[in-house]
Amino acid sequence: MKTEKKIRKNPFRLLLPFVLCLLTLLTGCVRYEVGINFDHQHRGEIVQHIKLEQQLTTLGGSEAIKWLNSIERRAEQLQGKTERISPQEIVVTIPFGNGQELAKKFNQFFKADEQVPSGTVASETLDLVQLNSQMFVQQNNWLIVERNKLNLNVDLRALGVLSKQGNIIVSPGSLIDLELALNTPWGARTTENNFLTPEVGETKNQLIWHLQPGQINTIEVVFWAPNYMGLGTIGIALLMLAGFYLKYGRLPWVEEARAAIGN
């Protein structure tokens with residue numbers, strides 16, 4: 001009788017082992033890695049590696065696979081390409097030509113549901129992982145190098161794993177692992193406005209942030225990139241001066257400088 005009374009008083013104790021077991025099985029159901037590779041001023045790419053664990057595809061059924069298919073179509077609209085590693089895992093690569101195009105394509109991809117008219121791709125798919133992000137890139141040309149200031153705000157307060165009908169498939173939080181990596185030619189430094197502290201990746205020119213679900217993640221970095229057009233212009237000018245010197249045995253401004261001194 002005492003045991004029965006105790007169970008009635010704390011019925012949720014019986015569910016605790018089941019809940020702990022379920023959370024253990026579902027940890028890391030969605031692995032979402034976003035890499036920004038900034039090769040130089042006029043070339044780079046956004047690389048996304050998305051992997052759904054078997055637990056999620058089992059619980060979510062075809063909805064999870066439809067979400068991956070929608071990502072493929074979004075990438076195609078931005079001149080990107082996808083590689084299917086498995087039915088539950090894809091790699092998306094979207095090229096960009098400069099910092100402004102990087103920000104434009106990044107914002108369009110992660111807000112595709114707002115960019116596509118009703119009745120097209122976005123309305124036929126679901127938002128399995130809700131990301132609300134906004135990127136700004138400010139660039140200053142210093143002839144042979146370019147200063148880039150990248151600001152990214154990722155609002156994960158409404159993060160969830162939802163079906164097309166709006167039903168929760170899996171709760172957010174630790175079940176979703178979100179990672180952002182930035183690769184630059186000469187490394188990058190963070191500013192005081194960073195919400196997260198990055199870690200150094202495999203190379204000293206890579207910074208990695210682990211985004212926190214349920215919060216607004218702010219990232220602000222400054223990095224330098226070579227301006228090959230400026231370097232090429234300087235190289236051409238030097239070649240012209242070298243040719244002039246080999247032909248006339250002097251530089252073009254030497255005689256003028258001597259005449260000015262003589263007068």
Side-chain angles (χ1 to χ4, degrees), residues 27-28 30-51 75 78-83 85 89-107 109-110 129 131 133-156 174 176-213 215-235 238:
T27 299
V30 180
R31 174 73 177 175
Y32 205 133
E33 300 175 357
V34 180
I36 300 174
N37 302 327
F38 209 105
D39 298 333
H40 57 76
Q41 181 191 13
H42 298 290
R43 188 178 70 187
E45 58 185 13
I46 305 169
V47 180
Q48 301 174 64
H49 183 190
I50 306 164
K51 183 178 181 180
L78 298 174
Q79 294 78 50
K81 61 180 181 179
T82 58
E83 177 186 357
I85 300 177
E89 185 176 4
I90 63 171
V91 175
V92 178
T93 304
I94 301 175
F96 59 86
N98 52 53
Q100 301 304 319
E101 188 177 3
L102 161 64
K104 180 180 179 181
K105 287 190 173 184
F106 191 95
N107 294 334
F109 184 88
F110 288 107
V129 179
L131 299 177
S133 63
Q134 189 70 29
M135 176 185 288
F136 302 94
V137 178
Q138 180 182 355
Q139 296 179 295
N140 300 106
N141 194 336
W142 288 31
L143 187 58
I144 61 174
V145 295
E146 185 175 69
R147 182 181 184 272
N148 298 272
K149 184 177 181 181
L150 185 150
N151 184 284
L152 175 64
N153 291 301
V154 185
D155 188 352
L156 301 182
S174 61
I176 299 175
D177 189 1
L178 291 167
E179 181 180 291
L180 173 68
L182 175 64
N183 297 279
T184 56
W186 300 328
R189 65 174 179 84
T190 59
T191 68
E192 297 178 354
N193 296 327
N194 275 268
F195 169 78
L196 300 171
T197 301
E199 62 183 51
V200 179
E202 297 179 356
T203 66
K204 63 179 181 179
N205 295 336
Q206 182 185 61
L207 294 178
I208 298 176
W209 292 265
H210 295 279
L211 304 186
Q212 302 299 314
Q215 303 181 51
I216 298 177
N217 297 254
T218 300
I219 295 173
E220 187 174 274
V221 295
V222 175
F223 61 94
W224 296 82
N227 184 346
Y228 290 117
M229 292 186 63
L231 291 171
T233 301
I234 293 177
L238 291 176

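Remember, predicted model here, so these are calculated numbers, not experimental data.
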Item to check | Steps toward side chain to side chain donor-acceptor pair (under 3.5 Å) verdict (N217, Q212) | outcome: CA-CA 7 Å; N217 297 254; Q212 302 299 314; 5.6 Å; no
Item to check | Of all pairs that satisfy salt bridge (charged side-chain N to carboxylate O under 4.0 Å, His left out), the ones with a partner from residues 178-193, not counting sequence neighbours | outcome: R31-E179
[X] side chain near [Y] side chain, heavy-atom distance below 4.5 Å:
X    : Y    : answer
V154 : I216 : no
P226 : W186 : yes
I90  : Q48  : no
T191 : V221 : no
T184 : Q206 : no

Next on the checklist: Going by side chain to side chain contact (heavy atoms under 4.5 Å, CB included), L102 matches just one of N107, I94, N148, V137. Which one?
Outcome noted: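 Between L102 and the candidates, side chain to side chain contact (heavy atoms under 4.5 Å, CB included) is satisfied uniquely by V137.
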Checklist entry - Only one of L180, D177, L211, I50 forms a side chain to side chain contact (heavy atoms under 4.5 Å, CB included) with Y32, so which one is it? => result I50
Item to check | Sequence-distant partners of N153, side-chain hydrogen bond (donor to acceptor under 3.5 Å, both in side chains), two or more places apart | outcome: N151, T218
Next on the checklist: For N98, give me all partners under side-chain hydrogen bond (donor to acceptor under 3.5 Å, both in side chains), at least two apart in sequence or on another chain.
Outcome noted: none
Checklist entry - Under the side-chain contact (heavy atoms from CB on, under 4.5 Å) test, which residues partner N205, sequence neighbours left out? => result T203
Next on the checklist: Applying side-chain contact (heavy atoms from CB on, under 4.5 Å), can you list everything that pairs with T197, at least two apart in sequence or on another chain?
Outcome noted: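 Counting only residues at least two positions away or on another chain, T197 forms no side-chain contact (heavy atoms from CB on, under 4.5 Å).
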Checklist entry - Quick one: salt bridge (charged side-chain N to carboxylate O under 4.0 Å, His left out) partners of E101, sequence neighbours excluded? => result K105
Let me confirm one number: the [atom1]-[atom2] distance from [X] to [Y], rounded to the nearest 0.5 Å.
X    : Y    : atom1 : atom2 : answer
M135 : Q100 : CE    : CD    : 11.5 Å
S133 : D155 : OG    : CG    : 9.5 Å
N140 : R147 : CG    : CZ    : 6.0 Å
N227 : L143 : CG    : CG    : 7.0 Å
R43  : N37  : CZ    : CG    : 10.5 Å
F38  : F223 : CZ    : CZ    : 4.5 Å

Next on the checklist: Let's go through K81 and V91 carefully: what are the C-alpha distance in whole Å and the side-chain angles of both, what is the deciding distance for side chain to side chain contact (heavy atoms under 4.5 Å, CB included) to 0.1 Å, and is it a yes or a no?
Outcome noted: CA-CA 8 Å; K81 61 180 181 179; V91 175; over 6 Å; no
Heavy atoms only: give me the nearest [X]-[Y] pair and the separation to one decimal.
X    : Y    : result
T190 : N194 : CB-ND2, 3.3 Å
L207 : A188 : CD1-O, 3.8 Å
Q79  : P95  : O-CD, 3.4 Å
A181 : I208 : CB-CG1, 4.1 Å

Item to check | Flag, side chain of Q138 to backbone of F136, donor-acceptor distance under 3.5 Å | outcome: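 Checked: no pair found.
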Checklist entry - Is there a donor in the side chain of T93 and an acceptor in the side chain of E45, or the other way round, less than 3.5 Å apart? => result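 No, E45 and T93 have no side-chain donor paired with an acceptor closer than 3.5 Å.
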Checklist entry - Going by distance alone, is a donor N or O of one side chain under 3.5 Å from an acceptor N or O of the other, for H40 and E146? => result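 H40 vs E146: no donor-acceptor pair found between side chains.
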Checklist entry - Quick check, are the ring centers of F106 and F96 under 6.0 angstrom apart? => result no
Checklist entry - Given E220 and K149, is the side chain to side chain contact (heavy atoms under 4.5 Å, CB included) satisfied, shown in steps? => result CA-CA 7 Å; E220 187 174 274; K149 184 177 181 181; 3.6 Å; yes
Item to check | Worked check of side chain to side chain contact (heavy atoms under 4.5 Å, CB included) between W209 and L178 | outcome: CA-CA 9 Å; W209 292 265; L178 291 167; over 6 Å; no
Next on the checklist: Show, in sequence, the C-alpha distance, side-chain angles and deciding distance for V47 and E33, and conclude whether the side chain to side chain contact (heavy atoms under 4.5 Å, CB included) test is met.
Outcome noted: CA-CA 8 Å; V47 180; E33 300 175 357; over 6 Å; no
